[in-house]
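The structure appears right after this line, and notes come after that.
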There are 2 protein chains.
Amino acid sequence: MWHTGAVVSRAEARERTTARILEAARVQIAESGASALSTRAVAREVGLVSSALFRYFPTRDALLTALIAESYRRLGDTLDAVPRHRSPARRWTATALALRAWAREHPHEFQLIYGTPVPGYAAPPDTVPLAAAVARPFLEAGAREPVAGFEKVAAQMSELREVFDVDPAGGAAVLAELAALLGAITLELGGHFVGTADPADELYAALVARQVRTLGLR
Amino acid sequence: MWHTGAVVSRAEARERTTARILEAARVQIAESGASALSTRAVAREVGLVSSALFRYFPTRDALLTALIAESYRRLGDTLDAVPRHRSPARRWTATALALRAWAREHPHEFQLIYGTPVPGYAAPPDTVPLAAAVARPFLEAGAREPVAGFEKVAAQMSELREVFDVDPAGGAAVLAELAALLGAITLELGGHFVGTADPADELYAALVARQVRTLGLR
DNA sequence: ATCAATGTAGAGCACTGCTCTCGTTCTGGT
DNA sequence: ACCAGAACGAGAGCAGTGCTCTACATTGAT
């Protein structure tokens, strides 16, 4: 720590620039979606020449991947901040509503996670724990007891018990219900409910209530 | 009918070229997704100079929209071809399985319909009947009787009864369950089940079985 | 003081969606 | 039968993209 004031070490400067790049990219995505993310525009925003950006992210996809991870974390944190009601039914409901609210507030980030994957893309393995962080609040709230009909799925994903200490058959059912929530939100964001259940508030509420019954929550 | 053989009217030629463009575009999308669709590449394939293609589709988005409509129709036809079992439960199951099978066979077309919408996009109103054609087989199979908890949604989408002659509260529940199926398929195609319920056959089967119970099908 | 790592700048490549202009070819109305 | 006008293809061109390569500057460790 020789230096004081504005003088920063090389490592620090790199970190800062990386953070500024990520922020500029996130703003761009929030405005017009992932497909509109331009490395050149980001570089301009940050005050770098276009080629310099590639010292920080070797490829556009790498930048996108970093943003995906960031969005995962943000969503996970949001769901984690949902108060732990005593009643599992209430906690499930609150978590499900928080999920939809976040998706509606950050539609492009939601699409970044659950939307169409990029063309050549294969799910990088480091997103698995991030996806688990999103699922955890739902598992904690919903996987109290086994749910009939999900035994075979439970056998397949038996390692779930080790990580989360939940009932496997309940966990499998929770996973299916999480897919249902994400499906409903995807349709809503995509405008697929126009002409039927739009706005989707009532449908979503009815769906969540049905899940509480199906999962045997009280 | 003066002309025989290869001589064709201008209108016919236009139709044929349009069809060839659509086909080449569909092939391109089936191979590498919508984001990889290049008007120039399509034009090359069809044997047109790049600018000539814009005589047929004024913009890349217009071409994409046409492809979306086509995919909608294909999926609708596929679901329509599912045999009408006597038992609603069996028909629901068969239709749901056909949906997943089609999605796995044509993942990019599925994403075209239900994936991330294009950036500036607003759902063109002419896709509404196409979306309805996809929902119809499910409504016919699943919306036999009212489902408790969906009354308020039913009130919202009362016009459904006029078009489809189904119970509104049953129809609303079916819509929610269709969203669940699409959500599960979206997660599967996106690789989100890796590490848990992958392959997703068992999970999907358990989900469908649960739906049959929830909807009160026999 | 030296030297390799790290960074920036800038030119350049191949590609994209799209526009404009130019000739040609066909069509409908008189 | 003619001819204006629409329809169409060819080609050049523009502004933008992701990304690479080379040349030069700065920094940190030796």
Side-chain angles (χ1 to χ4, degrees), chain A residues 1-22 24-25 27-29 31-68 117-121, chain B residues 1-22 24-25 27-29 31-68 117-121:
Chain A
M1 278 286 196
W2 306 269
H3 305 300
T4 60
V7 182
V8 292
S9 77
R10 198 138 196 171
E12 283 172 26
R14 178 164 240 280
E15 250 178 78
R16 290 188 196 194
T17 308
T18 306
R20 287 176 59 213
I21 291 174
L22 281 172
V27 169
Q28 236 184 73
I29 281 195
E31 278 170 2
S32 21
S35 64
L37 177 73
S38 151
T39 60
R40 292 178 109 112
V42 170
R44 272 194 298 270
E45 188 73 22
V46 180
L48 287 176
V49 87
S50 70
S51 61
L53 188 137
F54 292 91
R55 299 276 180 186
Y56 296 86
F57 295 92
T59 199
R60 196 190 97 118
D61 272 13
L63 176 54
L64 261 176
T65 302
L67 289 166
I68 291 176
V118 292
Y121 163 100
Chain B
M1 277 288 198
W2 305 270
H3 303 302
T4 58
V7 181
V8 292
S9 78
R10 199 138 193 173
E12 281 172 27
R14 178 164 240 278
E15 249 178 79
R16 289 188 195 191
T17 308
T18 306
R20 286 175 60 211
I21 290 174
L22 282 171
V27 169
Q28 235 184 75
I29 281 195
E31 277 170 2
S32 23
S35 66
L37 177 74
S38 151
T39 61
R40 290 179 112 110
V42 170
R44 273 194 297 273
E45 187 72 25
V46 180
L48 287 177
V49 86
S50 71
S51 61
L53 187 136
F54 292 91
R55 302 269 183 195
Y56 296 85
F57 295 92
T59 197
R60 196 191 98 120
D61 272 14
L63 177 54
L64 261 176
T65 302
L67 289 166
I68 292 176
V118 292
Y121 160 104

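Just so we're clear, the structure is a prediction, and the values are computed from it rather than from any experiment.
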Would you indicate, yes or no, if dG7(C) has its OP1 or OP2 atom less than 4.0 angstrom from a side-chain nitrogen or oxygen of R14(A)? yes
Once you round it to whole Å, what is the distance between C1' of dC18(C) and CZ of F57(B)? 16 Å
Interatomic spacing from CZ in R16(A) to CD in E12(A) - rounded to 0.5 Å: 6.0 Å
Can you tell me the distance, in whole Å, between the CD1 atom of I21(B) and the P atom of dG17(C)? 13 Å
CG of L67(A) to CG of D61(A), rounded to nearest 0.5 Å, is 11.0 Å
Give, for atom CG of L22(A) and atom OG1 of T17(A), the distance between the pair rounded to the nearest 0.5 Å. 11.0 Å
Nearest whole angstrom, please: distance from the P of dC18(C) to the CG of L53(B). 10 Å
E15(B) CD to dA7(D) P, straight-line distance once rounded to whole Å: 15 Å
Against the side chain of V49(A), the closest entry in dC26(C), dG9(D), dG10(C) is dG10(C)
P58(B) or L48(A): which one's nearest nucleotide on DNA chain C is closer to the 5' end? L48(A)
Check whether any side-chain N or O of Y56(A) sits under 4.0 Å from OP1 or OP2 of dG7(C), and answer yes or no. no
Taking all heavy atoms of A36(A) and all of S32(A), pick out the closest pair and write down the distance. CB-O, 3.5 Å
Tell me what L37(A) touches on the nucleic acid: a base, only sugar-phosphate, or nothing, going by heavy atoms under 4.0 Å. sugar-phosphate
Could you give the CZ-to-P distance, from F54(B) to dT16(C), as a whole number of Å? 11 Å
Pairs under 3.5 Å (N/O, protein and nucleotides 11-15 of chain C):
none

Has the side chain of R55(A) got a donor or acceptor that lies under 3.5 Å from a partner of the other kind on the base of dT6(C)? no
For residues 39-60 of chain B, which side-chain donor-acceptor pairs fall under 3.5 Å, sequence neighbours excluded?
| from | atom 1 | to | atom 2 | distance (Å) |
| --- | --- | --- | --- | --- |
| R60(B) | NH1 | L37(B) | O | 2.4 |

Can you give me the bend angle of the helix from dA1(C)-dT30(D) to dT30(C)-dA1(D)? Use the axis through the first five pairs and the one through the last five, nearest 10 degrees. 10°
Per R10(B) side chain, nearest of listed nucleotides dT27(C), dG9(D), dC19(D): dT27(C)
Expressed as a whole number of angstroms, how long is the span from R60(B):CZ to dG16(D):P? 18 Å
